*Asks:* 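Have a look at this one.
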Amino acid sequence: MTISIKTPTEQDAMRLAGRLTADVLDMIGPYVQPGVSTDELDRICHDFIVNVQHAIPAPLNYRGFPKSICTSVNHVVCHGIPGDRILKSGDIVNVDITVIKDGFHGDSSRMFFVGKGTVQGERVVRASYEGLWKGIAQAKPGNQLGDIGHAIQTFVEAQDLSIVREYCGHGIGRVFHEDPQVLHYGEPHTGAELHPGQTFTIEPMVNIGKRHVRLLPDGWTVVTRDHSLSAQWEHTILITDSGCEVLTLGANEKR
Ligand code: MF3
Ligand code: CO
Ligand code: CO
């Protein structure tokens with residue numbers, strides 16, 4: 001598996017695309033309230049990306065995907081299609097944004113609590129967030145992809161939660177999904193070696209119940225087989241000489 005190395009100019013383009021992606025998520029947060037439909041969230045994000053950022057929402061028409069963002073509610077694992085569903089207090093929703101600016105992609109997703117959080121919702125949302133950062137901590141030159149997956153899997157499974165295996169992080173650049181596949185499980189000291197200039201996403205999906213998933217007949221929506229709650233966070237990162245740079249950090253996310 002070859003992982004492309006971005007030139008310094010390309011890295012700057014990735015920084016810009018990443019910042020715009022984070023800006024969309026910062027913008028949409030206050031709109032995620034009881035009573036809003038996922039279609040409204042899609043429309044607000046679409047208009048912001050196109051009219052304010054002068055950028056392109058990558059999901060729209062990507063392999064036939066019909067909307068500009070993904071909204072995955074409760075037991076939806078990923079790739080939920082915005083529609084007339086009205087969010088209600090206690091729901092958890094993942095909003096996944098991919099923006100193309102000057103030909104380069106930024107890709108990030110976050111979980112939002114609708115109204116009042118539930119104990120189970122908070123548990124799975126926190127585990128997926130902390131799990132993502134366990135993976136990011138392993139993203140540095142000299143390490144291998146398996147180190148990232150292993151760190152995430154170990155952390156999540158120690159809490160009796162499960163990691164989805166069918167979907168993974170990915171290389172990203174001019175292409176939305178390029179090599180490598182970034183698995184969220186695995187063995188240390190295995191897989192491709194990390195080198196400065198590589199850009200890829202880490203985006204663990206964590207289920208409260210079993211790890212197994214099912215694809216709905218719409219061809220996109222992925223749900224947990226046992227209908228247990230699922231949560232996901234995603235960042236796009238750049239491997240640097242000393243570690244990595246998170247290109248999609250939110251305004252309230254300085255670590
Ligand atoms: N943004 C998703 C990812 O993290 C991919 C969505 S593909 C779409 O890789 F077509 F559903 F938008
Ligand atoms: Co992604
Ligand atoms: Co994404």
Side-chain angles (χ1 to χ4, degrees), residues 24-25 28 31-46 49 57-99 105 107-115 117-118 120-121 123-125 127-129 131-132 152-153 156 161-170 172 176-177 181-185 201-234:
V24 178
L25 286 163
I28 200 62
Y31 293 96
V32 183
Q33 299 291 342
V36 77
S37 71
T38 50
D39 253 346
E40 285 173 79
L41 299 178
D42 177 72
R43 181 187 52 76
I44 295 164
C45 289
H46 175 96
I49 293 166
L60 188 58
N61 300 320
Y62 176 78
R63 300 189 185 170
F65 191 80
K67 299 284 176 158
S68 296
I69 68 173
C70 297
T71 51
S72 301
V73 183
N74 295 340
H75 71 292
V76 178
V77 172
C78 62
H79 304 166
I81 304 173
D84 54 15
R85 180 181 187 143
I86 305 288
L87 298 181
K88 61 174 198 312
S89 183
D91 285 345
I92 58 172
V93 57
N94 175 278
V95 176
D96 194 338
I97 301 292
T98 312
V99 161
H105 292 71
D107 189 8
S108 183
S109 78
R110 297 182 199 163
M111 296 301 299
F112 296 95
F113 295 102
V114 184
T118 63
Q120 293 293 69
R123 182 162 164 251
V124 71
V125 167
S128 55
Y129 184 74
L132 166 61
I152 297 169
Q153 180 181 17
V156 168
L161 301 167
S162 62
I163 286 282
V164 171
R165 308 251 175 132
E166 288 81 356
Y167 301 87
C168 57
H170 49 92
I172 185 168
F176 191 164
H177 296 105
Q181 293 195 36
V182 181
L183 304 183
H184 305 115
Y185 60 93
T201 74
I202 307 177
E203 48 183 298
M205 286 140 276
V206 174
N207 299 348
I208 279 231
K210 299 206 184 307
R211 66 174 179 82
H212 305 96
V213 300
R214 189 163 67 85
L215 182 64
L216 294 190
D218 64 22
W220 284 104
T221 310
V222 178
V223 299
T224 53
R225 258 188 195 278
D226 60 10
H227 277 214
S228 64
L229 282 184
S230 187
Q232 175 180 35
W233 293 75
E234 174 179 25

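Keep in mind it's a predicted model, so treat the numbers as computed, not measured. Hydrogens, waters and symmetry mates play no part in the numbers below; they use all other heavy atoms, side chains included.
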*Asks:* Do any N or O atoms from the side chain of N74 and from the backbone of D91 form a donor-acceptor pair under 3.5 angstrom?
*Replies:*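 Not a single qualifying donor-acceptor pair exists.
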
*Asks:* Is it the case that the side chain of S162 and the backbone of R211 share a donor-acceptor pair, with hydrogens and angles ignored and the cut-off at 3.5 Å?
*Replies:*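 Indeed, once roles are kept as given, a pair shorter than 3.5 Å links the two residues.
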
*Asks:* Locate the shortest heavy-atom distance separating M205 from C78; write the atom from each residue and the value.
*Replies:*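 Taking every non-hydrogen atom into account, SD-SG, 4.1 Å.
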
*Asks:* Counting neighbours of CZ on R214 that are heavy atoms of other residues, nucleotides or ligands and sit closer than 6.0 Å, is the number greater than 12?
*Replies:* no

*Asks:* Would you confirm whether S230, through its side chain, and V76, through its main-chain N or O, come within 3.5 Å as a donor-acceptor pair?
*Replies:*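 Checked: no pair found.
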
*Asks:* Are the side chain of S228 and the backbone of G209 linked by a donor-acceptor contact shorter than 3.5 Å?
*Replies:* yes

*Asks:* Distance-only, no hydrogens or angles: does the S108 side chain make a donor-acceptor pair with backbone N or O of E234 under 3.5 Å?
*Replies:*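 Yes.
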
*Asks:* Looking only at the side chains, is there a donor atom on one of N94 and S109 sitting less than 3.5 Å from an acceptor on the other?
*Replies:* yes

*Asks:* Give the minimum heavy-atom separation between V77 and V223, together with the two atoms involved.
*Replies:*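 Answer, listing the atom of V77 first, then V223: CG2-C, 3.7 Å.
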
*Asks:* Specify whether H177 and Y62 have parallel, tilted or perpendicular ring planes, treating 30° as the upper limit for parallel and 60° as the lower limit for perpendicular.
*Replies:*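 Plane angle between 30° and 60°, so tilted.
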
*Asks:* Closest approach of G131 and I152, non-hydrogen atoms and distance?
*Replies:* O-CG1, 3.2 Å

*Asks:* Under a 3.5 Å distance rule, please check whether H184 uses its side chain to pair with a backbone N or O of V164 as donor and acceptor.
*Replies:* no

*Asks:* What's the shortest heavy-atom distance between F65 and H79, and which atoms?
*Replies:*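 Scanning both residues completely, I find the closest heavy atoms to be CE1-O, 3.9 Å.
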
*Asks:* Heavy atoms only: give me the nearest L60-H46 pair and the separation to one decimal.
*Replies:* CD2-CE1, 3.9 Å

*Asks:* Between S72 and G80 (side chain of the first, backbone of the second, donor and acceptor by atom type, cut-off under 3.5 Å), is there such a pair?
*Replies:*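 Yes: the side chain of S72 pairs with the backbone of G80.
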
*Asks:* Does one side chain, of D39 or S37, offer a donor that lies under 3.5 Å from an acceptor on the other?
*Replies:*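 Side-chain D/A pair, D39 to S37: absent.
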
